[in-house]
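Just follow the structure's listing: the first ligand is 1, and inside any ligand the first atom is 1. Just so it is clear, the structure is predicted and the values come from calculations on it, not from any experiment.
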Amino acid sequence: MKRVITYGTFDLLHYGHINLLRRAKEQGDYLIVALSTDEFNWREKQKKCYFDYEKRKQLLEAIRYVDLVIPEEGWGQKVTDVKEYHIDTFVMGDDWVGEFDFIEEQTPATVLYLPRTPEVSTTQIKSDLKLN
Ligand code: C2G
């Protein structure tokens with residue numbers, strides 16, 4: 001069984017996220033999503049989510065491509081996660097290109113950056129909604 005992991009906030013879930021999750025699942029048989037906790041988002045990304053962690057987790061668990069959702073509580077957990085869950089492929093959108101190459105040096109996993117869906121983002125959705 002080929003195991004894949006990806007990380008993110010996934011607030012205001014949209015088709016860009018779904019495109020990423022679909023392609024991540026195509027890399028294997030089992031997809032784990034490490035979902036940023038509210039505390040991590042605020043402390044490390046200065047992001048205040050519209051939906052809290054439990055709601056964002058509930059939405060992700062309803063997606064056919066997603067097999068398991070675990071909390072992302074800090075930047076430093078990725079190597080441990082990859083080893084603990086016996087991950088074969090670590091996937092992120094290419095806005096992160098290069099940022100996680102160390103995973104290949106420190107674990108047996110392959111790192112794959114996938115093209116983002118260009119025209120949609122949670123930030124854009126929030127800004128558009130303010131205008132209407
Ligand atoms: N994404 C995408 N296309 C978009 C928007 C997002 O492919 N239009 C991808 C991102 O590249 C990322 C994933 O969807 O791989 C989740 O996006 P975010 O929720 O914005 O995640 P981010 O805040 O970048 O957190 O430790 C890593 C961080 O937790 C990633």
Side-chain angles (χ1 to χ4, degrees):
M1 173 189 283
K2 279 200 73 179
R3 302 161 70 88
V4 185
I5 196 166
T6 192
Y7 291 73
T9 304
F10 297 98
D11 194 24
L12 295 183
L13 193 66
H14 55 66
Y15 64 93
H17 296 135
I18 301 299
N19 285 341
L20 188 284
L21 294 170
R22 185 188 72 254
R23 288 172 295 157
K25 183 59 177 283
E26 285 168 1
Q27 306 308 316
D29 313 286
Y30 190 87
L31 174 61
I32 299 176
V33 178
L35 180 62
S36 309
T37 62
D38 298 329
E39 299 74 19
F40 175 66
N41 271 316
W42 183 244
R43 190 183 72 245
E44 300 297 334
K45 303 182 201 173
Q46 291 70 49
K47 274 185 181 179
K48 175 115 179 57
C49 290
Y50 184 82
F51 290 125
D52 69 17
Y53 177 82
E54 282 310 316
K55 294 185 184 67
R56 289 181 285 122
K57 181 171 185 278
Q58 182 187 357
L59 286 161
L60 283 174
E61 287 174 338
I63 298 169
R64 72 169 77 161
Y65 309 121
V66 177
D67 296 289
L68 175 67
V69 179
I70 63 171
E72 178 186 29
E73 296 169 298
W75 296 111
Q77 70 183 69
K78 295 183 173 68
V79 170
T80 311
D81 290 347
V82 167
K83 290 177 177 173
E84 184 179 331
Y85 290 96
H86 310 291
I87 299 298
D88 298 288
T89 308
F90 176 105
V91 171
M92 286 301 294
D94 64 2
D95 46 321
W96 292 92
V97 66
E99 294 296 323
F100 303 117
D101 294 353
F102 65 86
I103 297 285
E104 283 193 346
E105 291 147 28
Q106 298 179 35
T107 78
T110 304
V111 173
L112 179 64
Y113 300 104
L114 296 173
R116 277 174 70 94
T117 303
E119 75 282 357
V120 62
S121 73
T122 302
T123 310
Q124 188 61 50
I125 292 168
K126 285 181 176 175
S127 140
D128 290 351
L129 287 173
K130 279 202 186 86
L131 298 177
N132 300 335

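Atom 20 (O) of ligand 1 has its nearest heavy-atom neighbour, among Lys47, Glu44, Glu119, in Lys47.
For atom 9 (C) of ligand 1, the closest heavy atom belonging to the protein is Leu20 CG, 3.9 Å. When hydrogens are left out, the protein atom nearest atom 28 (C) of ligand 1 is Lys45 NZ, 3.5 Å; that is the closest non-hydrogen contact. The nearest protein atom to atom 18 (P) of ligand 1, hydrogens excluded, is given as Thr9 N, 3.9 Å; this is a heavy-atom distance. What sits closest to atom 5 (C) of ligand 1 on the protein, heavy atoms only, is Arg116 NH2, 3.4 Å.
Close N/O approach between Phe40 and ligand 1 is not found [any backbone or side-chain N/O within under 3.5 Å]. Where the criterion is an N or O separation shorter than 3.5 Å, residue side chain and backbone included, His14 fails it with respect to ligand 1. In terms of polar-atom proximity, Trp96 is counted as a contact of ligand 1, with an N or O under 3.5 Å from an N or O of the ligand. Between Arg23 and ligand 1, a contact under 3.5 Å exists for no N or O pair. At least one N or O atom of Asp95 sits closer than 3.5 Å to an N or O atom of ligand 1. At least one N or O atom of Thr117 sits closer than 3.5 Å to an N or O atom of ligand 1. Note: no N/O pair closer than 3.5 Å links Asp11 and ligand 1 by distance alone.
Less than 4.0 angstrom separates some heavy atom of Lys78 from each of these atoms of ligand 1: 26 (O), 27 (C). Each of the following atoms of ligand 1 lies closer than 4.0 Å to a heavy atom of Glu72: 26 (O), 27 (C), 28 (C), 29 (O). Shown in contact with Gly93 at under 4.0 Å from a heavy atom are these atoms of ligand 1, numbered in order with element: 11 (O), 15 (O). Interface of Phe10 with ligand 1, defined as ligand atoms under 4.0 Å from a residue heavy atom, comprises 16 (C), 19 (O). Which parts of ligand 1 touch Val120 is read off a 4.0 Å heavy-atom cut-off, strictly below it: atoms 4 (C), 8 (N). Heavy-atom proximity to Met92, at under 4.0 Å, picks out these atoms of ligand 1: 15 (O), 27 (C), 30 (C).
Taking the six-membered ring for Trp and the full ring otherwise, Phe90 and Tyr7 have centroids separated by under 6.0 Å.
Taking a 4.0 Å cut-off on heavy atoms, Ser36 registers as neighbouring ligand 1.
In plain terms, the two heavy atoms of Gln106 and Lys83 that are nearest each other are O-CE, 3.3 Å. The nearest pair of heavy atoms linking Leu114 to Ala24 is CD1-N, 4.0 Å.
A donor-acceptor contact shorter than 3.5 Å links the side chain of Asp11 to the backbone of Phe51. Remark: the backbone N or O of Lys47 is not paired with any side-chain donor or acceptor of Asn41 at under 3.5 angstrom. With Gln77 contributing its side chain and Gly74 its backbone, the two residues share a donor-acceptor pair below 3.5 Å.
The side chain to side chain donor-acceptor pair (under 3.5 Å) search around Trp75 returns Glu44, not counting sequence neighbours. With sequence neighbours left out, Glu61 forms a side chain to side chain donor-acceptor pair (under 3.5 Å) with Lys57.
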Check your understanding: Could you walk me through whether Ile87 and Val4 pass the side-chain contact (heavy atoms from CB on, under 4.5 Å) check?
Key -> CA-CA 6 Å; Ile87 299 298; Val4 185; 5.7 Å; no
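With respect to the salt-bridge test (charged N to carboxylate O, under 4.0 angstrom), the residues Asp81 and Lys78 do not qualify.
The cationic group of Lys126 does not satisfy the cation-pi geometry with Tyr50, failing either the under 6.0 Å distance to the six-membered ring centre or the 45° limit from the ring axis.
Using bins of under 30°, 30° to 60° and over 60° for the plane-to-plane angle, the ring pair Phe100/Phe102 lands in the perpendicular bin.
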